[in-house]
Each structure stands twice: as C-alpha cells, then as structure tokens.
Amino acid sequence: MSPPSDDDFRTHSPTAPIDDTPTVSCSRCGEEWDLSYELDELQLGNQSVEQFALDHRRHTGHFPDDVSPWVVSCRQCPDGEQFLSEASARRWARTHARHTRHEVAMDHADDDGVVITPE
C-alpha cells in the first residue's frame, strides 16, 4: 500500500452550488414559488412551507398542491376551522367541545376521521 498523497486530503468543492430552497406549486393558480423570501427575509426555517401554505390560503381561499389541512367541524353549530398540524386541530376541537358541550369531527385526507366528545 502506498503512502497517502496531498490529493487524498484535499477537499474538492462541488462544480455547481447546491440549491436546496424548497418550492411550492399550485395547479389552481398555475404558479410555482421558491421560498427564499420566507427563509432569508422572514427567517422561518423549517416552518417556511407551512407559513407559505397558510398565507396562500388566506389570500386565495385554497391551499397549494400537496397540502392537506386537518378540518375540524362542530356537529351542532356552524363553527369549524382548518389547521396544518394535528396538534392545533385537536386543541381547537377539545376546547370547542369543552366550552360548548358539542361533538366535533376531525378529518384529514391521510387519516380516518375522529370525533371529539365533551368531557
């Protein structure tokens, strides 16, 4: 076995910079956005996709592609809401059930629905 040379310890830089900026698309709008603004200016980090999706819904009335919200709806009154995290949806459902004594349905595209009952 030959002794190591200087080339063995040299760090080679990639030929092209890696662009790992997340992108979000919306087929209803026919657009695609990179989230460099959310990452660089707003410094949202791991929450950049979620925040963009919430802002998109707030401005357009719908979520971008590949975003499925948790939908919570009261079974007795017209109250309901949509959330991107299960924990937030469950907290809203439990709070509504506790304060109103109403049953609340929780549904998600990737999960079977559940009903939160008053305690």
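Below, all heavy atoms of this structure are taken into account, side chains as well, without hydrogens, waters or symmetry copies.
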- prompt: Within a strict 4.5 Å, meaning less than it, do heavy atoms of the E38 and Q43 side chains meet?
  reply: no

- prompt: Can you find a pair of side-chain heavy atoms, one from E50 and one from F52, that are under 4.5 Å apart?
  reply: no

side-chain hydrogen bond (donor to acceptor under 3.5 Å, both in side chains) partners of T117, counting only residues at least two apart: none

task: Tell me, please, which residues at least two apart from H102 pass ring pair (Phe, Tyr, Trp, His ring centres under 6.0 Å).
output: H96

field: Heavy atoms from other residues, nucleotides or ligands near CD of E119 exceed 12 (cutoff 6.0 Å)
entry: no

Side-chain atoms of residues 57-64: list all donor-acceptor pairs with protein atoms under 3.5 Å, sequence neighbours left out, distances to 0.1 Å.
unit_1	atom_1	unit_2	atom_2	d
R57	NE	Q82	OE1	2.9
R58	NH1	D55	OD1	2.6
T60	OG1	H56	O	2.6
T60	OG1	H62	N	3.3
T60	OG1	H62	O	3.1
T60	OG1	H62	ND1	3.4
H62	NE2	H56	NE2	3.4

task: Would you mind reporting whether W70 and D107 have side-chain heavy atoms less than 4.5 Å apart?
output: no

field: T95 side chain vs R91 backbone, donor-acceptor pair below 3.5 Å
entry: yes

statement: Rounded to the nearest 0.5 Å, the OG1 atom of T23 sits from the CD atom of E32 at a distance of 4.5 Å

statement: Separation between CD (Q47) and CG (L54), nearest 0.5 Å, reads 9.5 Å

task: Report yes or no: do V71 and L84 belong to one cluster of Ile/Leu/Val/Met/Phe/Trp/Tyr joined by side chain heavy-atom distances under 4.5 Å?
output: no

- line: Rounded to the nearest 0.5 angstrom, the CD-CZ distance for E103 and R101 is 12.0 Å

task: Provide the closest heavy-atom pair for G45 versus L39 in the form atom of the first, atom of the second, distance.
output: O-CD2, 3.6 Å

task: Determine the minimum heavy-atom distance between W33 and C26, stating which atoms define it.
output: CZ3-CB, 3.8 Å

statement: On a heavy-atom basis, the closest approach of S85 and S88 is OG-OG, 2.8 Å

field: R98 CZ to I116 CD1 distance, which is reported to the nearest 0.5 Å
entry: 12.0 Å

task: Return yes when atom CG of D79 has more than 12 non-hydrogen atoms of other residues, nucleotides or ligands closer than 6.0 Å, and no otherwise.
output: yes

Check: S27 main-chain N/O paired with D65 side-chain donor or acceptor under 3.5 Å: yes

field: Rounded distance [0.5 Å steps], CE in M106 versus CZ in F83
entry: 9.5 Å

statement: Heavy-atom closest pair (T21 atom, L35 atom, distance to 0.1 Å) is CG2-N, 3.7 Å

query: Would V115 and R75 satisfy side-chain contact (heavy atoms from CB on, under 4.5 Å), going step by step from the backbone distance to the final call?
result: CA-CA 9 Å; V115 175; R75 291 185 153 186; 3.3 Å; yes

query: How far does CG of D111 sit from OG of S68, to the nearest 0.5 angstrom?
result: 11.5 Å

